[in-house]
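Here is the structure we will look at.
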2 protein chains.
Amino acid sequence: MYTVSSLKAELHERGWRLTPQRETILQIFQNLPTGEHLSAEDLHVLLQQDGEPISLSTIYRNLKMMSRMGILRELELAEGHKHYEINQPAPYHHHHLICVRCNKTTEFKNDSILKMGAKTAQKEGYHLLDCQLTIHAICPSCQRSILPI
Amino acid sequence: MYTVSSLKAELHERGWRLTPQRETILQIFQNLPTGEHLSAEDLHVLLQQDGEPISLSTIYRNLKMMSRMGILRELELAEGHKHYEINQPAPYHHHHLICVRCNKTTEFKNDSILKMGAKTAQKEGYHLLDCQLTIHAICPSCQRSILPI
DNA sequence: GTACATAATGCGATGCCTTCTCAATAGTGC
DNA sequence: GCACTATTGAGAAGGCATCGCATTATGTAC
Ligand SMILES: [Mn+2]
Ligand SMILES: [Mn+2]
Ligand SMILES: [Zn+2]
Ligand SMILES: [Zn+2]
């Protein structure tokens, strides 16, 4: 599991700083129940409720930074905004099946996909950050409904 | 290959109509060279240059509709806006390796991923539209540069 | 071919997620 | 503690995408 001290070490490597805001954000995602994903706005509200508010600007900046570092995963689960979750290695690593109509999201695991992704990145000389299989589909419930699009 | 008449048939099934604009958009994507992806704005400019302009609203509406039908794929290749390409079955089906710093995109094929995706969707009773493995990484060139984030 | 019902288009206005600007604050190394 | 400068917070700004509505035009029935 990624720790606060390893975050600090990685930040310092690049001449960056560990702030209470970054520590808080990391801890929120580390303790997030399986299957839950947070948007920037979700996180903002959650932190306000917890009594340790962080400005939306700072949240956006750090979600982006931590994704670029490979600590978080940036997911497109719904239209219009991103969702985030902690990026974990196998066997916790997983993928998403999304209904394009109701946005219902189901997680599933498949070890071989991460292996293939890592292999592909390595073959091209890339430094892997995240590997996500996203299945866009229509769920059984929405197939029965006669809603447009 | 998906044809104009099959588009017409699918639209009619739902009580929708085939318009010259929809036909044009489909043909643009069918003739797009391998590895090219278009944003809504790209498509808008391209059509204006070709002398058959289509309003941006109509482009947005139809890109979304055709993605929801499984005709096009909606891709997150860069920050801030979506890219589209035609959705093809094996052996043309492919995936994307993206550098998060310079947005360089490389396509790669892997038949087993689509098979796994189709299997997962089927097992859950979902109607598959698209299955995309996206690898976020840092390309060799960007690894050498000392750019922030 | 004509007429009708209504889906689709085009235009501008609007919405909303995200980024930007910049003064104030606060980590880090010495 | 001090200097340096990365980071934060607040509001303004940007930009992709959607909405509302009058107008146009497709598909169907006659
Ligand atoms: Mn997840
Ligand atoms: Mn492609
Ligand atoms: Zn659904
Ligand atoms: Zn790069």
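Keep in mind the model is a prediction, meaning the values are calculated, not measured. A note on names: the letters A, B, ... follow the listed sequences, proteins ahead of strands, and every chain is numbered from 1.
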Counting side-chain heavy atoms from C-beta on, which of D/dT18, C/dG27, C/dT19 comes nearest to B/Glu79?
C/dT19

Measure the distance from CZ on A/Arg17 to C1' on D/dC4 and round it to the nearest whole Å.
7 Å

Value in whole Å for how far the C1' atom of C/dG29 lies from NE2 of A/His12
10 Å

Between D/dA25 (P) and B/Glu23 (CD): distance, integer Å
16 Å

So, is A/Asn62 near the phosphate of D/dT7, with a side-chain N or O under 4.0 Å from OP1 or OP2?
no

Integer-rounded Å distance: C/dG10 P and B/Leu56 CG
11 Å

What integer distance in Å separates A/Lys82:NZ from C/dT18:C1'?
8 Å

DNA chain C: A/Lys8 or A/Gly80, which has the more 5' nearest nucleotide?
A/Gly80

Over 12 foreign heavy atoms within 6.0 Å of CD, A/Gln122:
no

Please figure out whether B/Glu41 or B/Pro20 has its closest DNA chain D nucleotide nearer the 5' end.
B/Glu41

Within the 4.0 Å heavy-atom criterion, would you say A/Thr19 contacts the bases, only the backbone, or no part of the nucleic acid?
sugar-phosphate

Under 4.0 Å, heavy atoms only, any strand: does B/Gln21 hit a base, just the sugar-phosphate, or nothing?
sugar-phosphate

For B/Arg22 and D/dT26, is the shortest distance between a side-chain N/O and OP1 or OP2 below 4.0 Å?
no

Would you mind reading off the distance between A/Ile54 atom CD1 and C/dA26 atom C1', rounded to a whole angstrom?
15 Å

Is there a chain of hydrophobic side chains (I, L, V, M, F, W, Y, each step under 4.5 Å between heavy atoms) that links A/Val45 to A/Ile54?
no

Atom pair distance, as rounded to whole Å: CZ in B/Arg61 and P in D/dT18:
10 Å

Of the listed D/dA17, C/dT19, D/dT8, the closest approach to the A/Lys64 side chain comes from C/dT19

For the pair made of OH in B/Tyr60 and C1' in C/dA8, what is the distance, rounded to whole Å?
19 Å

For the side chain of B/Ser55 and the base of C/dC11, is some donor closer than 3.5 Å to an acceptor across the two?
no

Just how far is it from atom CD of A/Gln48 to atom CG of A/Leu56, taken to the nearest 0.5 Å?
9.0 Å

If hydrophobic clusters are built by linking Ile, Leu, Val, Met, Phe, Trp and Tyr wherever their side-chain heavy atoms come under 4.5 Å apart, do A/Leu77 and B/Leu133 end up in the same one?
no

Aromatic rings A/His94 and A/His37: how do their planes relate, parallel, tilted or perpendicular, breaks at 30° and 60°?
tilted

Nearest-nucleotide pick for B/Ala40, side chain only, options being D/dA17, D/dG9, C/dG10:
D/dA17

Mapping B/Leu18 and B/Ser57 to their closest nucleotides on DNA chain C, which lands nearer the 5' end?
B/Leu18

